[in-house]
**Student:** 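I have a structure here, written as structure tokens, and I will follow up with some questions on it.
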Amino acid sequence: MISALARGLLAGTLVLLGVAPCAAEPPAASSLLGSWVLVSAEVRQADGRPSPSPFQAGTRGLLVYDATGHVSFQIRRPEHAPFASDDRLRGTDAEVRAAFEGYLAYWGTFELDEPNRNVIHRITACTFPNWEGTTQVRSFELAGDQLTLRSSSGTAGGAAIVATFVWERIR
């Protein structure tokens, strides 16, 4: 057993030699860090039937995990009609509804539950106010620079859904 004095001397010697102790960050957490662009989106009802979700093939998105433990998530349906007016506060009810239904964004913090292969997003702010202050759990698979996130806790059009988003790291 090493005494406290010996541990202190060893740490001091390592610093003098230019060898800084490493942070105890799990490998999977550090491998998620960075910016990711959406490659594919699939949203199905829990029974496997197609979902009424606007986020399907062609959906665009950006996901960012940073070293301070923050996450930022944005997705937008492929067709995104501009408003007739150049004033965003003067959209018609139909334009505003279409814009809202076709865009989802949030930010907050994240952590990994490695044994269960989940990433936990704690939502601070969201375009869907009901998610603010909630915890959203996503299962994850990481293969090189491809990240797959899967959620089975949502609803779309009144039906339980399973959403699968595949992301590619931006270099």
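Just so you know, these numbers come straight off a predicted model, no measurement behind them.
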**Student:** Look only at the side chain of Ser139 and the backbone of Arg117, and say whether a donor-acceptor pair between them is shorter than 3.5 Å.
**Tutor:** no
**Student:** Which pair of heavy atoms, one from Phe83 and one from Arg88, lies closest together, and at what distance?
**Tutor:** CE2-O, 3.7 Å
**Student:** Are there more than 12 heavy atoms of other residues, nucleotides or ligands under 6.0 Å from atom CG of Asp86?
**Tutor:** no
**Student:** Find the distance between CG (Leu147) and CD (Glu141) and round it off to the nearest 0.5 Å.
**Tutor:** 9.0 Å
**Student:** Taking Arg138 for the side chain and Thr148 for the main chain, is one N or O donor matched with an acceptor at less than 3.5 Å?
**Tutor:** no
**Student:** So does Ala98 get a backbone contact from the side chain of Arg77, meaning a donor-acceptor N/O pair under 3.5 Å?
**Tutor:** yes
**Student:** Checking side-chain polar atoms at under 3.5 Å, does Ser40 have a donor or acceptor matched by the opposite partner on Glu42?
**Tutor:** no
**Student:** Consider only side-chain heavy atoms of I, L, V, M, F, W and Y, link residues closer than 4.5 Å, and tell whether Val64 and Val37 are in one cluster.
**Tutor:** yes
**Student:** Considering residues, nucleotides and ligands other than Trp107, do more than 12 of their heavy atoms fall under 6.0 Å from its CH2?
**Tutor:** no
**Student:** Side chains of Asp66 and Thr68: donor-acceptor distance under 3.5 Å anywhere?
**Tutor:** yes
**Student:** When rounded to the nearest 0.5 angstrom, what distance separates CD1 in Ile75 from CG in Leu104?
**Tutor:** 5.0 Å
**Student:** Looking at every non-hydrogen atom in both residues, tell me the closest pair between Asn130 and Thr134 and how far apart they are.
**Tutor:** O-CG2, 3.5 Å
**Student:** Is there side-chain contact between Gln45 and Pro50, with heavy atoms separated by less than 4.5 Å?
**Tutor:** no
**Student:** Do the ring planes of Tyr106 and Phe73 sit parallel (below 30°), tilted (30 to 60°) or perpendicular (above 60°)?
**Tutor:** parallel
**Student:** Check this for me: Arg44, atom CZ, are more than 12 non-hydrogen atoms of other residues, nucleotides or ligands nearer than 6.0 Å?
**Tutor:** yes
**Student:** Does the plane of the ring in Phe165 sit parallel, tilted or perpendicular to the ring in Trp167? Use 30° and 60° as the thresholds.
**Tutor:** tilted
**Student:** Can you measure from OH (Tyr65) to CZ (Arg169) and round to the nearest 0.5 angstrom?
**Tutor:** 11.0 Å
**Student:** Minimum heavy-atom separation for Phe110 and His121, please, with both atom names.
**Tutor:** CB-CD2, 4.0 Å
**Student:** Nearest 0.5 Å please: distance from the CG atom of Leu142 over to the OG atom of Ser31.
**Tutor:** 4.5 Å
**Student:** Is the shortest heavy-atom distance from the side chain of Leu63 to the side chain of Ser35 under 4.5 Å?
**Tutor:** no
**Student:** Calculate, to the nearest 0.5 Å, the distance between atoms CG and CH2 belonging to Leu62 and Trp36 respectively.
**Tutor:** 12.0 Å
**Student:** Please round to the nearest 0.5 Å and tell me the distance separating atom CZ of Arg76 and atom CZ of Phe55.
**Tutor:** 10.5 Å
**Student:** Would one find more than 12 heavy atoms of other residues, nucleotides or ligands at under 6.0 Å from atom CG of Asp93?
**Tutor:** no
**Student:** Would you say the side-chain atoms of Glu132 pair up with the backbone N or O of Ala125, donor to acceptor, closer than 3.5 Å?
**Tutor:** no
**Student:** Quick one: do Leu149 and Leu112 end up in the same hydrophobic cluster if we chain Ile, Leu, Val, Met, Phe, Trp and Tyr together by side-chain heavy atoms under 4.5 Å apart?
**Tutor:** yes
**Student:** Grab the two heavy atoms, one from Val43 and one from Gln56, that are nearest each other, plus how far apart they are.
**Tutor:** O-NE2, 3.1 Å
**Student:** Between Glu101 and Pro54, is there a donor-acceptor pair closer than 3.5 Å when you use the side chain of the first and the backbone of the second?
**Tutor:** no
**Student:** Indicate the atoms forming the closest heavy-atom contact of Ala156 with Ser51, along with that distance.
**Tutor:** CB-OG, 3.8 Å
**Student:** How close do Leu38 and Val166 get, heavy atom to heavy atom, and via which atoms?
**Tutor:** CD1-O, 3.4 Å
